[in-house]
Amino acid sequence: MVREVLSGDILPAREAIAAIDTTDLGPPNEIPEVPADAFPENISSEERQWFCEEIVRLKRERNALVLAHNYMPPDVQDVADAVGDSLFLAQKGVAPDADVLVEAAVLFMNQILAVMKKPHQKVLAPDLRALCSLASHADAGKIRAWKKEHPDGVVVSYVNTYVDVKAESDYCCASANSPQVIKYVFENHDGPVLFGPDVFLGLYAAKMLLGMGQSVDRLWLMMGACHVHERIRPQHLQEELAKHPDAVVAGHMECGCQSACLVPLMNSSEGRMRFLSTQGMIKFARETDAEKIIVATEVGNIYPMSKAAPGKTFIPASREAICPFMKQNTLRKVYESLRDLKHEITVDVELAKRARVPIERMLRIV
Ligand code: 13P
Ligand code: SF4
């Protein structure tokens, strides 16, 4: 009898990839409602201006830094001191002399700051519902069991994991440096390599290894996916490409559309499709000669892409690609977070000590 593959299971890469379409990779946790004021049209300009002025005043008063992920509502991005992808925000967060770090993102990113912070710093998250479906697939217990069976194994965790999973990992990587970290690990270790929890990013890694002339036999993958990216499917891209034959595609590496689209599109039309981090997509928007870009990621990324490449046309691959977790961080919540110094994110000292090792490696291998 063929065993049912469950989310969080760890399989040799070939088996994991073959099981993508038959495994339930739906969100393992509750999906919160997207607040109405996450959209600029639902907040008056007077209200927005008041919140922004108060945030600026409170930042000064509290010696605080506001960091925002690229998916944040535009007004939150505009009032932030730094906006970027998960790697950039981790780099920014470990550097400053600020006393308070408010990070409008998702909680695993706040945890990174809580692990890396200086003793006097306070890390705040505007809303505790800002979880992540992908991070919730990762299972620290299954990683421990895999390590027991593979004492010479190396664990590489994607940044979208909570601190208990990072504490079991040898390396951590973000989408922005996953190719570099995976290459580094394969070139510097001989044993099996476990990558998780994003099976689509695992698929990307497998293709990259084959491109480098490496075997994928050493690669093991954990079954997990982001419910927002997993739902961006090949037909979304095919429909938009048919409507816009002059467009190029910038997609996030977590996308479900990778499986069927990556190879044919990349091979058939040189440079027409790129899989990148959110920040990589912004850079690509600025640098490409194309005037039309189909964006295969959370729709929030279109705002920083349009700012980076004004005048170009951005077409969402799916208008439904909205991350309800990220969108909990409205302008009001950022203001309340600074006003009331909430919600403080702390990490158990022992876990933090262990998680610091792979995070530091992620920050070094870029
Ligand atoms: P980036 O590191 O590219 O910002 O991706 C994080 C993420 O959660 C994308 O959904
Ligand atoms: Fe997690 Fe997906 Fe949201 Fe990114 S878009 S934070 S991977 S649920």
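Whatever order the structure lists ligands and atoms in, that order sets their numbers, starting from 1. Heavy atoms only: backbone and side chains are in, while hydrogens, waters and symmetry mates are out.
The side-chain heavy atoms of K59 and D81, taken from C-beta on, include a pair separated by under 4.5 Å.
Of the heavy atoms in A174, none comes closer than 4.0 Å to ligand 1.
Heavy atoms of F88 come nearer than 4.0 angstrom to ligand 1 in no pair at all. Ligand 1 is never approached by M253 to a heavy-atom distance shorter than 4.0 Å. Using a 4.0 Å heavy-atom cutoff, E298 is absent from the residues neighbouring ligand 1. Ligand 1 is approached by N160 to a heavy-atom distance shorter than 4.0 Å. Residue E298 places no heavy atom under 4.0 Å from ligand 2.
H227 and S133 share a side-chain donor-acceptor pair at under 3.5 Å. Using a 3.5 Å distance cut-off with no hydrogens or angles, the side chains of E53 and Q49 do pair a donor with an acceptor.
Between atom 4 (Fe) of ligand 2 and the options I322, N160, V228, the minimum heavy-atom separation is to N160.
Residue T278 has at least one heavy-atom neighbour below 4.0 Å for each of these atoms of ligand 1: 1 (P), 3 (O), 4 (O). Taking every heavy atom of H229 and a limit of under 4.0 angstrom, the matching atoms of ligand 1 come to 10 (O). Atom numbering of ligand 2 starts at 1 in the shown order; those under 4.0 Å from a heavy atom of S133 are 8 (S). Listed by atom number, the atoms of ligand 1 under 4.0 Å from H69 heavy atoms are 1 (P), 4 (O), 6 (C). Atoms of ligand 2 found under 4.0 Å from any heavy atom of M326 (numbered from 1 in listed order, with element): 6 (S). Using a 4.0 Å cut-off to heavy atoms of H252, the atoms of ligand 1 that qualify are 1 (P), 3 (O), 5 (O), 9 (C). When each atom of ligand 1 is checked for a heavy atom of S277 under 4.0 Å away, the hits are 3 (O). Residue-ligand proximity, Y71 to ligand 1, at heavy-atom distances under 4.0 Å covers atoms 9 (C), 10 (O).
In this structure a side-chain-to-backbone donor-acceptor pair under 3.5 Å is missing from T161 to S157. Here the side chain of K166 pairs no donor or acceptor atom with the backbone of C172 at under 3.5 angstrom.
The protein heavy atom nearest to atom 2 (Fe) of ligand 2 is C226 SG, 2.3 Å. Protein heavy atom in closest approach to atom 7 (C) of ligand 1: E254 OE2, 3.7 Å. Remark: minimum distance from atom 1 (Fe) of ligand 2 to any protein heavy atom is reached at C132 SG, 2.4 Å. For atom 1 (P) of ligand 1, the nearest protein heavy atom (residue, atom name, distance) is S175 OG, 3.4 Å.
For ligand 1, the polar-atom distance check finds no N/O of Q279 at less than 3.5 Å from any of the ligand's N/O atoms. Ligand 1 has an N or O atom lying under 3.5 Å from an N or O atom of S86, backbone or side chain.
E47 and R332 are joined by a salt bridge, as a carboxylate oxygen and a charged side-chain nitrogen come within less than 4.0 angstrom of each other. Between E54 and R57 there is a salt bridge, since a side-chain N of the basic residue sits under 4.0 Å from a carboxylate O of the acidic one. Salt-bridge annotation for K283 and E287: present, with a side-chain N of the basic residue lying under 4.0 Å from a carboxylate O of the acidic one. Between K183 and E187 there is a salt bridge, since at least one side-chain N of the basic residue sits less than 4.0 Å from a carboxylate O of the acidic one. Ion pairing of E291 with K312 is absent here, as no side-chain N (NZ or NE/NH1/NH2) approaches a carboxylate O to less than 4.0 Å. Look at E168 and K147 and you find a salt bridge, because one of the NZ, NE, NH1 or NH2 atoms lies within 4.0 Å of a carboxylate O, short of that distance.
Shown are N70, D78, D75; of these, the side chain to side chain donor-acceptor pair (under 3.5 Å) with Y303 is made only by D78. Of the residues listed (E360, H189, R361, R364), the one engaging Y171 in a side chain to side chain donor-acceptor pair (under 3.5 Å) is H189, and it is the only one.
Taking backbone and side-chain atoms together, C323 has an N/O/S atom less than 2.8 Å away from atom 3 (Fe) of ligand 2.
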